Q: 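Here it is: the structure, laid out below.
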Amino acid sequence: RAARSTDDAAMQRLVWLFIFLLAGAVAGPSARSGCFWGQLELGPSQPAWILQSHQVVYGNFFYKLEVKVPYPRPFLLYTPLSGPPPGRPMPVVILLHPFGFNVLQHGHDNWEGVLTLAAKERFAVIMLLGRNHAFNVGLNLQASPFHPDELTYLRKTLQHVARNHCLDQHRIFCLGLSMGGRLCQRFVSDFHDVNFAAVGLVSSARYPYPNRNLQPVPMIAFHGIDDGIDPYWGGGQPYWGQQSVPQAIFEWALFNGCQHTYASENTSGVVVYKYMQCTNGADVVLVSIENGGHTYPMLSNKVSRSTIRSGPHSRPVAYVDVTQVVWSFFLEHSGVSPATSSKAFQSKLSSSRSNHEVLPESAGQARRSIYNAQAACIVLLLASIATATMSVTLFCCQYCQYRSKRGQKRFEKRFEKRFYPHASISYTKAGTATVRVPHVTYTRGLDGFRGDGDLRPEERHSRAQ
């Protein structure tokens with residue numbers, strides 16, 4: 001009996017252990033379902049490499065890390081001191097610098113607006129660093145061969161961060177300036193490991209050819225109309241292409257399945273085009289800044305240090321606060337209520353003149369109108385050329401007929417003087433005359449008859465007879 005009771009107790013313990021293991025297996029995936037690549041945070045204590053960093057930047061832990069792809073490439077990571085949002089994984093903003101910008105020297109000072117907002121909203125910020133301050137993205141947002149693989153670089157970086165943090169796989173954003181913005185759009189097209197929640201572009205709106213994206217992505221773009229580096233109306237450097245910024249935004253709106261267009265104009269020359277009623281709420285917004293250029297990459301929340309300046313000299317100068325407008329757009333598509341007020345952000349682009357109806361001349365319609373006008377001009381030009389050709393041809397025909405009749409009359413008069421008056425003369429279309437007299441048949445061009453000196457000896461003999 002003692003042995004049997006012992007066996008029963010052991011069996012019970014095994015049954016309970018099996019139940020606990022089964023419950024853990026079932027609960028494990030649900031706990032990891034919101035984390036990028038299923039990674040969990042390491043409990044209440046911070047990861048080891050965070051404890052080794054004592055530097056704090058605008059309310060964030062800051063550290064410089066690196067991954068091998070296959071050679072080492074560094075990246076910067078900022079995580080809020082307050083940790084992730086309570087009960088939720090941590091959202092991530094991938095911030096990409098423009099060409100030639102040294103993030104290690106100037107990133108803290110010039111991008112304090114993004115870092116401060118990330119600390120308030122408990123977002124992580126990952127700054128990728130281009131090799132020699134440049135990323136591998138060229139014409140039509142395609143990569144150049146034998147250059148760094150940016151897709152593998154991003155994948156390795158996210159995997160490295162996900163080993164220590166529970167990253168929210170549904171709230172991964174990308175914000176890029178100039179070349180960095182073009183790389184963001186290439187990530188949207190070619191990087192299928194994540195589905196980007198939204199994308200922010202500064203002086204970099206392009207459309208990939210081909211576009212390998214799998215689903216619509218919300219997008220907001222800022223561009224100065226007087227941009228001399230990446231022209232608003234296309235052209236410029238070979239990597240930029242001939243496509244205009246409104247055309248690129250319209251292509252993204254078509255891809256996202258947008259059905260409605262809204263436009264508003266600020267008194268200082270800021271025009272906002274918004275494509276709405278898109279698939280999965282993936283709105284597309286273009287903020288065009290009159291007299292705005294390709295300025296220094298500033299992402300600050302201070303008016304005196306805003307990214308793009310706008311407004312002609314005859315009117316008050318306005319500063320477009322790109323940082324807070326982009327952040328408001330990200331929060332709008334993050335599915336959570338923001339800790340900071342987005343109404344103040346929207347007031348940055350408030351308009352004194354707005355149109356809430358479908359625009360008759362939206363970006364796509366304007367492009368089609370231009371194409372139609374160009375086609376009409378080409379048709380008119382071809383019609384003019386054809387009409388002129390026909391007129392010249394008719395004139396030449398009339399002139400040739402006139403010359404032919406005149407030549408016939410002259411030939412007949414000459415022949416009457418030199419040959420028999422009852423000879424027969426026939427004319428051909430080739431401009432020749434055939435003369436038939438007794439015993440002689442003579443063929444000669446109308447202008448070639450010159451008299452007795454042109455006749456052969458046998459013809460002279462026939463004439464004499």
Side-chain angles (χ1 to χ4, degrees), residues 30 32-38 85 88-96 121 123-124 141 151 154-155 158 166-176 181-202 204-222 245-264 272-287 325-338 342 345-346 349 356-359 362-365:
S30 63
R32 292 174 169 82
S33 60
C35 297
F36 183 66
W37 274 307
R88 298 199 61 175
M90 184 181 299
V92 181
V93 174
I94 300 172
L95 183 55
L96 304 179
E121 300 292 342
F123 276 54
L141 304 181
L151 301 182
L154 175 61
R155 182 179 297 108
L158 289 176
C166 179
L167 303 181
D168 194 337
Q169 60 181 352
H170 302 296
R171 292 190 294 166
I172 297 180
F173 306 87
C174 190
L175 173 57
R182 291 189 285 119
L183 183 59
C184 274
Q185 295 166 100
R186 185 190 165 205
F187 285 160
V188 169
S189 174
D190 298 337
F191 190 77
H192 299 157
D193 293 7
V194 299
N195 296 323
F196 289 93
V199 174
L201 309 172
V202 180
S204 56
R206 299 281 85 190
Y207 188 78
Y209 293 101
N211 186 1
R212 306 178 185 89
N213 190 16
L214 302 178
Q215 68 175 11
V217 177
M219 187 172 299
I220 183 170
F222 301 80
V245 173
Q247 289 174 352
I249 292 299
F250 179 72
E251 294 291 341
W252 280 115
L254 286 180
F255 178 81
N256 289 359
C258 301
Q259 304 294 329
H260 189 77
T261 305
Y262 162 88
S264 65
V272 181
Y273 299 96
K274 186 174 183 180
Y275 296 87
M276 301 179 295
Q277 297 180 5
C278 310
T279 306
N280 300 332
D283 298 341
V284 180
V285 180
L286 171 62
V287 181
V325 176
V326 167
W327 201 263
S328 174
F329 188 80
F330 285 176
L331 294 178
E332 181 182 350
H333 294 85
S334 64
V336 296
S337 58
S342 61
F345 303 163
Q346 296 295 342
L349 297 178
H356 293 268
E357 300 177 353
V358 177
L359 293 180
S362 62
Q365 292 171 338

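Please read all numbers here as calculations on a predicted model, not as lab measurements. These numbers come from the heavy atoms of this one structure, side chains and all, not from hydrogens, waters or symmetry mates.
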Q: For Ala124, give me all partners under side chain to side chain contact (heavy atoms under 4.5 Å, CB included), at least two apart in sequence or on another chain.
A: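 If we apply the side chain to side chain contact (heavy atoms under 4.5 Å, CB included) test to Ala124, skipping adjacent residues, the hits are Thr79, Met90, Val92.
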
Q: Can you measure from CG (Leu254) to SG (Cys278) and round to the nearest 0.5 angstrom?
A: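 Answer rounded to 0.5 Å: 10.0 Å.
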
Q: Using modelled atom types only, decide if a donor and an acceptor are shared between the side chain of Ser328 and the backbone of Val325 within a distance under 3.5 Å.
A: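 A pair under 3.5 Å: no.
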
Q: Say you draw a straight line from CD1 of Ile220 to CD of Glu332; how long is it, rounded to the nearest 0.5 Å?
A: 9.0 Å

Q: Apply side-chain contact (heavy atoms from CB on, under 4.5 Å) to Leu175 and Leu95, showing your working.
A: CA-CA 5 Å; Leu175 173 57; Leu95 183 55; 3.8 Å; yes

Q: For the residue pair Asn211 and Ser189, what are the closest heavy atoms and their distance?
A: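 Scanning both residues, the minimum pair turns out to be OD1-OG, 3.5 Å.
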
Q: Nearest 0.5 Å please: distance from the CG atom of Asp283 over to the NE2 atom of His260.
A: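 Interatomic distance, Asp283 CG to His260 NE2, rounded to 0.5 Å: 11.0 Å.
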
Q: With sequence neighbours excluded, what pairs up with Gln215 under the side chain to side chain contact (heavy atoms under 4.5 Å, CB included) test?
A: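 For Gln215 the side chain to side chain contact (heavy atoms under 4.5 Å, CB included) partners, ignoring immediate neighbours, are Asn195.
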
Q: Show the nearest heavy-atom pair for residues Cys184 and Leu201, with the distance to one decimal.
A: CB-CD2, 4.2 Å

Q: Please confirm whether the backbone N or O of Pro89 pairs with a side-chain atom of Gln169, one donor and one acceptor, at under 3.5 Å?
A: no

Q: Do side-chain atoms of Gln277 reach the backbone of Gln259 as a donor and acceptor pair under 3.5 angstrom?
A: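 Checking the backbone N and O of Gln259 against the side chain of Gln277, no donor-acceptor pair under 3.5 Å is found.
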
Q: Quick one: list whatever passes side-chain hydrogen bond (donor to acceptor under 3.5 Å, both in side chains) with Asp190, sequence neighbours left out.
A: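 For Asp190, the residues satisfying side-chain hydrogen bond (donor to acceptor under 3.5 Å, both in side chains) (neighbours in sequence not counted) are Arg212.
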
Q: Grab the two heavy atoms, one from Tyr262 and one from Met276, that are nearest each other, plus how far apart they are.
A: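 Smallest heavy-atom distance, with atoms named: CB-CE, 3.5 Å.
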
Q: Could you tell me which non-hydrogen atom of Val284 sits nearest to which non-hydrogen atom of Cys258, and how far apart they are?
A: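 Scanning both residues, the minimum pair turns out to be CG2-SG, 4.3 Å.
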
Q: Would you indicate whether the side-chain heavy atoms of Phe187 and Val199 approach each other to under 4.5 Å?
A: no

Q: Which class fits the ring pair Phe255 and Trp252: parallel under 30°, tilted 30 to 60°, perpendicular over 60°?
A: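 Ring orientation, 0 to 90° scale: perpendicular.
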
Q: Between the side chain of Glu251 and the main-chain N/O of Gln247, is any donor-acceptor distance below 3.5 Å?
A: no

Q: For the ring pair Tyr273 and Tyr275, is the centre-to-centre distance below 6.0 Å?
A: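 Not under 6.0 Å, so no.
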
Q: Got a second to check how far Ile249's CD1 is from Tyr207's OH, nearest 0.5 Å?
A: 11.5 Å

Q: Between atom CG of Asp168 and atom CZ of Phe123, what is the distance when rounded to the nearest 0.5 Å?
A: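 Between Asp168 CG and Phe123 CZ, I get 8.5 Å after rounding to 0.5 Å.
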
Q: If the plane angle is over 60° it's perpendicular, under 30° parallel, otherwise tilted; pick one for Phe330 and Trp327.
A: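 Ring orientation, 0 to 90° scale: tilted.
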
Q: Grab the two heavy atoms, one from Val194 and one from Ile172, that are nearest each other, plus how far apart they are.
A: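 It is CG1-CD1, 3.8 Å.
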
Q: Closest approach of Val245 and Ala205, non-hydrogen atoms and distance?
A: CG1-CB, 3.9 Å

Q: Once rounded to the nearest 0.5 Å, what's the spacing between atom CG of Leu154 and atom CG of Asp193?
A: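 The CG atom of Asp193 is 8.0 Å from CG of Leu154, to the nearest 0.5 Å.
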
